Each structure stands twice: as C-alpha cells, then as structure tokens.
Protein chains: 2
Amino acid sequence: MKTLRLNSNDRAVLLGSCFFEKLPAAASSAILDDVVVSTHEEHDILFGQGEALDQVFLVLSGLVRLYRLGKDGREADIAVFPKGELFGESAMFLGNRATANAQAIETTMLARIDSRRLRKLAEQTPEIADALMQLLCRHAQMAEDCLAEDRLLTAPQRVASYILGNCPDGITNFSFRLPFQKNVLAGKLGLAPEALSRAFSALRRSGVTVKGRVIEIHDRQALERF
Amino acid sequence: MKTLRLNSNDRAVLLGSCFFEKLPAAASSAILDDVVVSTHEEHDILFGQGEALDQVFLVLSGLVRLYRLGKDGREADIAVFPKGELFGESAMFLGNRATANAQAIETTMLARIDSRRLRKLAEQTPEIADALMQLLCRHAQMAEDCLAEDRLLTAPQRVASYILGNCPDGITNFSFRLPFQKNVLAGKLGLAPEALSRAFSALRRSGVTVKGRVIEIHDRQALERF
DNA sequence: CGGGCAATTGAAGCTCGTCAACCTTAGTGG
DNA sequence: CCACTAAGGTTGACGAGCTTCAATTGCCCG
C-alpha cells in the first residue's frame, strides 16, 4: 500500500460521487482538506473485523468487497462498492471498530477521510449530517434488500432480479457488461460460483444470453415473470 | 386503530428508550411536542410497502414486525421491534415511501412522530442528528448481522447464536424467557416454524432445554462450539 | 371436559453447496 | 506460430439442509 496526496482527477471523482454531489462546495472542501489517498493491489486486505478504524473510505477507482468470516473460515459478502462509493462509515458510530472485513477486489485507489473530523463537521454542518444519514439509510436498505431477496428468491430469481436492476424500464431488448468477475457477482448474491453458472443456464430459456462478462436480455417480460 | 394523546407513562417509555436516552431534555421535549399515540390489535397492518409514510414510530408497548412480500405472497421478516424501539425512519430519507410492510404482532401502542418535523429538528440540533445517525447505523448493522448469519450459519447455529445473544458473558448456566411466540422467532431467524422446532431438538444434545417460552442453557461452552 | 391454536414430529421433495472433472480463454515462452 | 500453463468458468454427481405438507401432540382457556 502506497499513500499519496489528492490530485485533480481524484478530486473530480470525489466531488462527483453520490455522497459529495449534493453538498455545498464549502462543505465538500472542508472535508477534503486532509484527505489522503492510498493504492492497493488485488486481494489486499483493507481492514479486518474488530480492528480499530478511524477513517472512512471512498473508492476512487477499483472495487472493494465487504465481508464477514464464519468460524470455519467461510466468507459471506455484505456489500460490494464500486468507484464513487463511500464505505466504512458505520464504524464511526460504533466505537470506531470495524464490523466486517474489507478487501480490494481489483487494483484500487481509496480516499481516506478522518472519521473524527467528519463527525465534527457533521455537527457543524447540517448538510453533511443529512448526507451521512442518507448514506446510512441507503446502506441499510441495501442490506435489507439482500436479506429479503435471500429469503424470498431462488438463485435464478436473484440473478434475474440483479439483471433487471441493471436494465432500464420500458425496454425489452437490452445488453450490458458486468462490472466485475462472475466470481464476485456470485458472492454478492450469496451463491457459490457454480450456482451462479447454473442460474445463468436456467435463464437462457427466458431469453438471457451470457458471453464472457456481457449479458443480453431478449425478453424483459419473461425475466420479470420468472 | 384508536388515536390518543400522550400520557405520563407513555412519556416515560419514550424518554427511557434507546433513541431519546442520550438526548438533552430540551431536544426530547421539542420532538415530543406533537406526538400522537395509536393503539393496534394483533395482526393489524401499520403500513404497507410502497405507501406514503410521513411519520416515524416508536413502540410504547407490544411488538412490531417489519417484513417484505414476495410475488407468491410469501413473507420475509426484516426486523422485529420490541418496546422502546424506533422504526420507519428510513422512509424519511427515501422520498417518504415505506420500503417494507409493518404489522403488529401483539396488541401494540405506538408513538407517532412527524418525520418532516423531526428532520427539521435534526437540522437545527446536532444531538438529534447524531442520535438519528446512530439509530440508522444500528439498524444497518442488524440487517448486516442477519444477512451474514443467514449465509454463514445453519438453522441450529443461528438459534444458538440467538440464545447466546440473550445470555450474559462468563456464565455457564442461564435461563431466560422468549419475548414472543416461537413463530415470531422463526420468522426473525429466516426459518419455517418446523425448522426452528427441529433446531431446538438438535440443541438439546448441547444442553439446551425448552419449556414453553422458557429456554435453559446448561452448558454455554457447548453452544459456542456448535 | 373439550375446542382451538401453537408446537412438534415424520416423510418427501427441492434447492443449493461441495467435490471433481472438464472446458475455455488469455498469457507465456519456445 | 504453436505448445504449455494458469485461472476463471462450466458441468455432472451427490449429499446436506431446509421447506412443505400432513398428522399428531401438547397446552391454554373457555
């Protein structure tokens, strides 16, 4: 891991991210004042469950996976964060201890924000507090969505749901590229890689073709009915 | 559903709840200024997924279940809120739309707080904003915990984990009473009632006895190893 | 004592995880 | 240009774990 200062490109990514987007410029630059940038290789562990954690992270490039470990060493993914996502914010309110592990899935650049300072800024600036609440809310929703899908849907249905989530409304014919390896998608959906493979096979009958990372939907209706 | 004003007992429950506990008195009474109380029978639906929702709820007595519906009518529990818990707060930040259904599991009294007003108060009062962030964080964690347990643990392990969560540290012999029907516990753990039953059977061999709603642990170590 | 509901138990079926083998692709070096 | 390798992905076979349905037991409150 190397640490750097913030360059202008990084700054653009930060300001364009979901969290900073709606903040007034003054608030943003107050936060960005002492941001540090770090780079990580694929498979690098960013922090581990239970460790002290006094920073909040924003993905400048690459991909980060949040997961927990079972007693037997098995891993369960909680979330996957692409470029522009802020994560690690919950430690801020839970005694500065990480509640999960974080790992870089690809070569990744992170912006690191001091959480104590951010919290102080949130006290002084209602807009920042509001942005934080929206972020927490979004993350809570993501987890609840996952939980509900895990409990209500079968593997092919979860995959169908993921595909539909990437397909604009009112279009029957559509194609898009997975933003990561199938491996990662499987983890995100709570499936073994083999199960994901079989799910794709099952969806072929409903007009889904998969070539490498490219997914084509030929009949949106059929997917929705699945 | 009947609606009432706030009496002194309700007020005590509110002020003693996790959310209000740490708030300065001025902030609390500002919020409680226009609180309304409503009563509900067992099985009453409090609100439904997708409905407009401009209130936040606090359980004064009884029990509330948050759940989502699958296409086939099956239900997946997201959370169960006992007395003193605040819920429905996420709608505040997501366009005032409920993202799940809520149902009274028992005869229940709710305090209803206008969410627009609460949000305004949060802007003006950093302590309220902070309490909200902690609440959101706790709820996010609860969902993540559930998700991780669902994915990492078998049914008996999840039940063991639930029992251990109700058993103070450093004690080998312990007994407590379930705060709700086994039915509800099954839902909370993402199990069919039959599966919960079988899980209890399996745990008998590890020193857990169940009589009605009373659970006895005779060997904490054995449970932890499970 | 009996009705009704929760809880338990049994049997059957389905979904998914696991293990192993195989295929495909890309990258490497002769 | 082609053989070789390595890693991701796919397929098959099998078993574990949970759901479902059905029947039974246990329990509370009339």
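Since this is a predicted model, take the numbers as computed values, not measurements.
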Does any N or O in the side chain of [X] come within less than 3.5 Å of the main-chain N or O of [Y], such that one atom is a donor and the other an acceptor?
X      : Y      : answer
B:K182 : B:G212 : yes
A:T108 : A:L63  : yes
B:D77  : B:A79  : no
B:R204 : B:A199 : no

Sequence-aligned protein contact record of [range], with B where the base is within under 4.0 Å of a protein heavy atom and S where only the sugar-phosphate is:
range                        : answer
nucleotides 23-30 of chain D : --------
nucleotides 5-12 of chain C  : -SSSBBB-
nucleotides 21-28 of chain C : --------

Once you round it to whole Å, what is the distance between [atom2] of [N] and [atom1] of [X]?
X      : N      : atom1 : atom2 : value
A:L153 : D:dC18 : CG    : P     : 19 Å
A:L203 : D:dT10 : CG    : P     : 12 Å
A:E106 : D:dG8  : CD    : P     : 13 Å
A:D77  : C:dG17 : CG    : P     : 13 Å
B:D72  : C:dC14 : CG    : C1'   : 15 Å
B:D150 : C:dT15 : CG    : P     : 19 Å
B:E149 : D:dC18 : CD    : P     : 13 Å
B:R74  : D:dC18 : CZ    : P     : 15 Å

Item to check | B:A192 side chain, from C-beta outward: closest of D:dC18, C:dC16, D:dT20 | outcome: D:dT20
Item to check | Sugar-phosphate, base or nothing in reach of A:R151, heavy atoms under 4.0 Å | outcome: nothing
Checklist entry - Does a side chain donor of either B:S38 or B:R112 reach within less than 3.5 Å of an acceptor in the other side chain? => result yes
Checklist entry - Strictly by modelled atom types, are A:E89 and A:H139 linked by a side-chain donor-acceptor pair under 3.5 Å? => result yes
Checklist entry - What residues form a salt bridge (charged side-chain N to carboxylate O under 4.0 Å, His left out) with A:E75, not counting sequence neighbours? => result A:R65
Checklist entry - Hey, which of B:L132, B:D54, B:I113 is the one that makes side-chain contact (heavy atoms from CB on, under 4.5 Å) with B:M92? => result B:L132
Checklist outcome for this item: Paired with B:Y162, the side-chain contact (heavy atoms from CB on, under 4.5 Å) test is passed by just one of B:V159, B:N166, B:L164, namely B:N166
Item to check | Sequence neighbours excluded - ring pair (Phe, Tyr, Trp, His ring centres under 6.0 Å) pairs with any residue from residues 57-77 of chain A | outcome: A:F47-A:F57, A:F57-A:F87
Item to check | Partner residues of B:T99 under the side chain to side chain donor-acceptor pair (under 3.5 Å) criterion, sequence neighbours left out | outcome: A:Q141
